[in-house]
Q: 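The structure's right below; bear with me while I get my questions together.
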Amino acid sequence: MLAIAAIVLSLTPAPSCADSWMLPTTTTYTSCSGLARITVTPRDLDSQLRYFEDKVAKVDSAGQKIGAAHVAEARLERLVNKRWQMVWKRQIANDVAPVSAIVRDDGEYAITFDDWHGLGYGPNAMVIYGKDGKLVRAFALSDVLPADYIAALPHSVSSIQWRGDPRFSTDGRRVLIPIVIPSEDSSPKPAMIDLAIDLADAKVSPTDPAAWEGALATGRKVRARQIASEATAKTAFLAPLVGPNVNAEREWHDYLREAVGRLIGDDYTPSTTVLRAPGAKDYSVSETWVHDALTESYADQVALASLSEPNLVSVLGKIASQLPDRSLSKVTMFVALSDQYWPNVVTVMQHTGAKLVQLDPTKPIAQRPERIARRYGS
């Protein structure tokens, strides 16, 4: 008879690398039997953009709408004789709003989960409110899970995907939280295991100790592989860059982005286009990509590579023959070609006025010191 209220979709981030959050709205969470409910009124924000700008500037009450409520509040009510009676009303711990909440059928306990635009971050991953709205305890995620386990969980820009939908135990004495078990794949339905929080003393314990030890071991293995992968990526980032070992589109796109970043920095990101190998079933569309990359009005920096160097020279010659003189005078072309074919490209592109920059895949390109400092510190 004791159950979780529904998670409100408008407050829940999309499970992707780039989060999507709507501005929070006043939301009511009702117990399973309908005998108790908690209504959360968020702090009023002017806009998401204003909130982000103020956060960067470390402004108090970031994004606050002028003349609106400056704190987040909650009101808990019970249904008595078919009428809602307020049990308590108070400011809650969240700066803006929680992501979700549950309330016990008797109205004795209410629990909020996470902060708006910060799933898994901060001191309010879970906050327990007891009789008369008294704050029993606020939990950060680090109060519940080991640091290596947290690091192994799926992360996005503003969220740690750490849990499923919490619920009360059958006897109502504990909160059961499905904890995501770390994995190297990105399944939309990850495996989970329950952790229990005792409402009386806020003690954290697994419902199945043996299974929990297994989940912790899995988390350590996933984290170890992440660390190894990060070390490999760091080594590659610091090492001189040469062309890819595998002659494939994705690898050439990666090479082009990194090569241009090393030459001119990250403030100028060109489009990257890779011409497929002649004879490929879907080859013809890649010629169109090269043409459009050079001639679209917004293109001022273009990076090109090909699975066949001589064919890239041929295609550039064909495109250039159709272009008026000086028509590419505002375009900088970064072209991945070895010395053997570079003079031909210079010749066919000369009348277009394009600025040509050779990216010889055989010649190492050193990393820029400012890129190292930006990513790893001095």
Side-chain angles (χ1 to χ4, degrees), residues 4-30 37-75 90-103 110-129 138-145 149-167 175 177-180 182-183 186-190 192:
I4 183 173
I7 300 293
V8 176
L9 296 179
S10 65
L11 295 180
T12 305
S16 63
C17 291
D19 294 341
S20 175
W21 294 80
M22 297 175 65
L23 285 177
T25 57
T26 298
T27 307
T28 298
Y29 306 86
T30 305
R37 67 186 186 186
I38 184 170
T39 300
V40 175
T41 303
R43 178 167 68 82
D44 257 348
L45 302 181
D46 183 58
S47 67
Q48 290 192 51
L49 177 59
R50 169 83 183 284
Y51 175 80
F52 301 143
E53 290 175 342
D54 285 355
K55 275 293 187 182
V56 172
K58 297 182 179 180
V59 175
D60 291 336
S61 298
Q64 181 64 40
K65 183 184 292 184
I66 297 175
H70 280 66
V71 297
E73 292 185 334
R75 181 180 71 253
R90 60 159 289 158
Q91 177 182 347
I92 55 176
N94 305 91
D95 172 38
V96 177
V99 171
S100 62
I102 59 175
V103 57
I111 301 97
T112 62
F113 296 92
D114 297 300
D115 278 304
W116 178 80
H117 217 287
L119 191 76
Y121 290 101
N124 303 317
M126 182 177 71
V127 183
I128 302 174
Y129 298 93
F139 291 84
L141 197 53
S142 57
D143 296 325
V144 180
L145 301 173
Y149 193 98
I150 295 172
L153 288 168
H155 284 60
S156 60
V157 174
S158 64
S159 300
I160 303 172
Q161 304 297 333
W162 68 279
R163 62 173 176 84
D165 296 343
R167 65 196 186 280
V175 180
I177 308 174
I179 303 295
V180 172
S183 172
S186 54
S187 170
K189 294 183 178 180
M192 299 190 188

Q: Run the side chain to side chain contact (heavy atoms under 4.5 Å, CB included) check on Val127 and Ile92 step by step: do they pass?
A: CA-CA 9 Å; Val127 183; Ile92 55 176; over 6 Å; no
Q: Find the distance between CG (Leu141) and CG (Asn124) and round it off to the nearest 0.5 Å.
A: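 Answer for the CG-CG pair, Leu141 versus Asn124, is 12.0 Å.
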Q: With a 4.5 Å heavy-atom cut-off, do Leu45 and Lys65 have their side chains touching?
A: no
Q: Please round to the nearest 0.5 Å and tell me the distance separating atom OH of Tyr121 and atom CH2 of Trp162.
A: 13.5 Å
Q: Do the non-hydrogen side-chain atoms of Val96 and Asp115 ever get within less than 4.5 Å of each other?
A: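 A side-chain contact under 4.5 Å is absent here.
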Q: For a 4.5 angstrom cut-off between non-hydrogen side-chain atoms, does Ile111 reach Met126?
A: yes
Q: Mark yes or no for whether Arg37, through its side chain, and Val103, through its backbone, hold a donor-acceptor pair below 3.5 Å.
A: no
Q: Could you state the interatomic distance from CD (Gln64) to CG (Asp44), rounded to the nearest 0.5 Å?
A: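 Reported value, rounded in 0.5 Å steps: 7.0 Å.
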Q: State, to 0.1 Å, how close Pro42 and Pro24 come at their nearest heavy-atom pair, and which atoms those are.
A: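 Heavy-atom minimum between the residues: CG-O, 3.7 Å.
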Q: Just wondering, do Ser100 and Thr112 contact through their side chains at under 4.5 Å, heavy atoms?
A: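 Contact flag for Thr112/Ser100 side chains = no.
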Q: Can you list the steps and then say if Phe139 with Ile177 is a side chain to side chain contact (heavy atoms under 4.5 Å, CB included)?
A: CA-CA 13 Å; Phe139 291 84; Ile177 308 174; over 6 Å; no
Q: What closest approach, in Å, do Ala101 and Phe113 show between heavy atoms, and which atom pair accounts for it?
A: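 Closest approach of Ala101 to Phe113: CA-CD1, 4.4 Å.
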Q: Without swapping roles, check the side chain of Asp95 against the backbone of Ser61 for a donor-acceptor pair under 3.5 Å.
A: no
Q: Determine whether the aromatic ring centres of residues Trp116 and Tyr51 are separated by less than 6.0 angstrom.
A: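 They qualify: ring centres under 6.0 Å apart.
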Q: What pair of heavy atoms forms the shortest contact from Thr25 to Thr27, and how long is it?
A: O-OG1, 2.8 Å
Q: A side-chain contact here means heavy atoms from C-beta on lying under 4.5 Å apart; do Arg167 and Pro178 qualify?
A: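 Arg167 reaches Pro178 side chain to side chain.
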Q: In Å, rounded to the nearest 0.5 Å, how long is the span from CE of Met192 to CG of Asp165?
A: 7.5 Å
Q: At what distance, to the nearest 0.5 angstrom, does CG of Leu119 lie from CH2 of Trp21?
A: 5.5 Å
Q: Using side-chain heavy atoms (C-beta onward) and a distance below 4.5 Å, is Leu145 in contact with Leu153?
A: yes
Q: Between Val99 and Arg163, is any pair of side-chain heavy atoms under 4.5 Å apart?
A: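 Answer yes - side chains close enough.
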Q: Provide the closest heavy-atom pair for Pro123 versus Ala138 in the form atom of the first, atom of the second, distance.
A: O-CB, 3.8 Å
Q: After noting the C-alpha distance and the side-chain angles of Tyr29 and Ile38, does the key distance pass the side chain to side chain contact (heavy atoms under 4.5 Å, CB included) rule?
A: CA-CA 5 Å; Tyr29 306 86; Ile38 184 170; 4.0 Å; yes
Q: How many angstroms lie between atom NE2 of His117 and atom CD of Gln48, to the nearest 0.5 angstrom?
A: 6.0 Å
Q: Any donor and acceptor pair, going by atom type alone, linking the side chain of Asp46 with main-chain N or O of Gly63 inside 3.5 Å?
A: no
